[in-house]
Amino acid sequence: MISHQLPQPGDGPAADRPRAYPPHATLRPLWCCRACGQPWPCAEARLLLKADYAGNAIGLSIYLCGMFYEAARDLYRLNPDDGPAPADLYARFVAWGPYRRRPPTPDPP
């Protein structure tokens, strides 16, 4: 017969709920900043994203493309007749990122 006592469990991890939103997070489905009310990603959110993804340009690019897709879906559902132009959403979400397209160069004469 086993006659030893099991160890008592510890307290476990600290409670982390409710979680506070990070500064300058998006308010969906409107896609405005929770902190300053500007269209997300606001200037501060862009700086925070660049700092969070420092050294991981591909990860930032994938994240921004995903947010572009989600924002387009949400904003067109909210206002299907007068939604934002795709070029405007691209400029807002993807064009400022690490892999922005260069303007076309003119052909040599």
Side-chain angles (χ1 to χ4, degrees):
M1 175 175 253
I2 300 175
S3 63
H4 61 77
Q5 203 173 35
L6 294 175
Q8 294 295 317
D11 290 338
D16 63 350
R17 299 286 192 275
R19 288 186 180 165
Y21 286 101
H24 299 280
T26 181
L27 176 64
R28 293 180 68 180
L30 299 176
W31 288 88
C32 61
C33 179
R34 288 180 183 270
C36 64
Q38 297 295 316
W40 193 89
C42 61
E44 290 84 4
R46 292 178 184 192
L47 289 174
L48 291 170
L49 285 168
K50 284 190 175 187
D52 285 346
Y53 284 91
N56 187 6
I58 293 172
L60 177 58
S61 182
I62 291 170
Y63 177 75
L64 292 175
C65 289
M67 294 295 101
F68 169 65
Y69 172 80
E70 294 287 326
R73 186 182 63 184
D74 288 348
L75 293 172
Y76 285 116
R77 281 185 184 165
L78 287 176
N79 196 0
D81 296 327
D82 194 24
D88 294 339
L89 286 178
Y90 178 84
R92 179 175 160 184
F93 285 92
V94 181
W96 64 270
Y99 295 109
R100 57 189 167 266
R101 293 186 73 178
R102 296 180 186 171
T105 57
D107 291 332

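Every value quoted in this text rests on a predicted model; they were computed, and no experiment measured them. The figures that follow rest on heavy atoms only: side chains count, while hydrogens, waters and symmetry mates do not.
To the nearest 0.5 angstrom, His24 atom NE2 is 10.0 Å from Gln38 atom CD. To the nearest 0.5 angstrom, Arg28 atom CZ is 6.0 Å from Met67 atom CE. Interatomic distance, Glu44 CD to Leu49 CG, rounded to the nearest 0.5 Å: 11.5 Å. How far CG of Leu47 is from CG of Asp52: 11.0 Å, rounded to the nearest 0.5 Å. To the nearest 0.5 angstrom, Tyr76 atom OH is 12.0 Å from Asp81 atom CG. For the atom pair CG (Leu64) and CD1 (Ile62), the distance works out to 10.5 Å, reported to the nearest 0.5 Å.
Remark: Tyr69 engages Arg73 in a side-chain contact (heavy atoms from CB on, under 4.5 Å) (not counting sequence neighbours). Tyr53 pairs by the ring-ring contact (aromatic ring centres under 6.0 Å, His included) definition with Tyr63, not counting sequence neighbours.
Nearest heavy atom pair, residue Leu60 against residue Pro98, reads CD2-CD, 3.7 Å.
When atom types are taken as modelled, the side chain of Trp40 and the backbone of Leu27 share no donor-acceptor pair closer than 3.5 angstrom. Within the 3.5 Å criterion, the main-chain N or O of Thr26 finds a donor-acceptor partner in the side chain of Arg34.
The aromatic rings of Phe93 and Trp31 sit perpendicular to each other, their planes meeting at more than 60°, with 30° as the lower class boundary.
Hydrophobic clustering (side-chain heavy atoms under 4.5 Å, transitive across Ile, Leu, Val, Met, Phe, Trp, Tyr) groups Trp96 together with Leu89.
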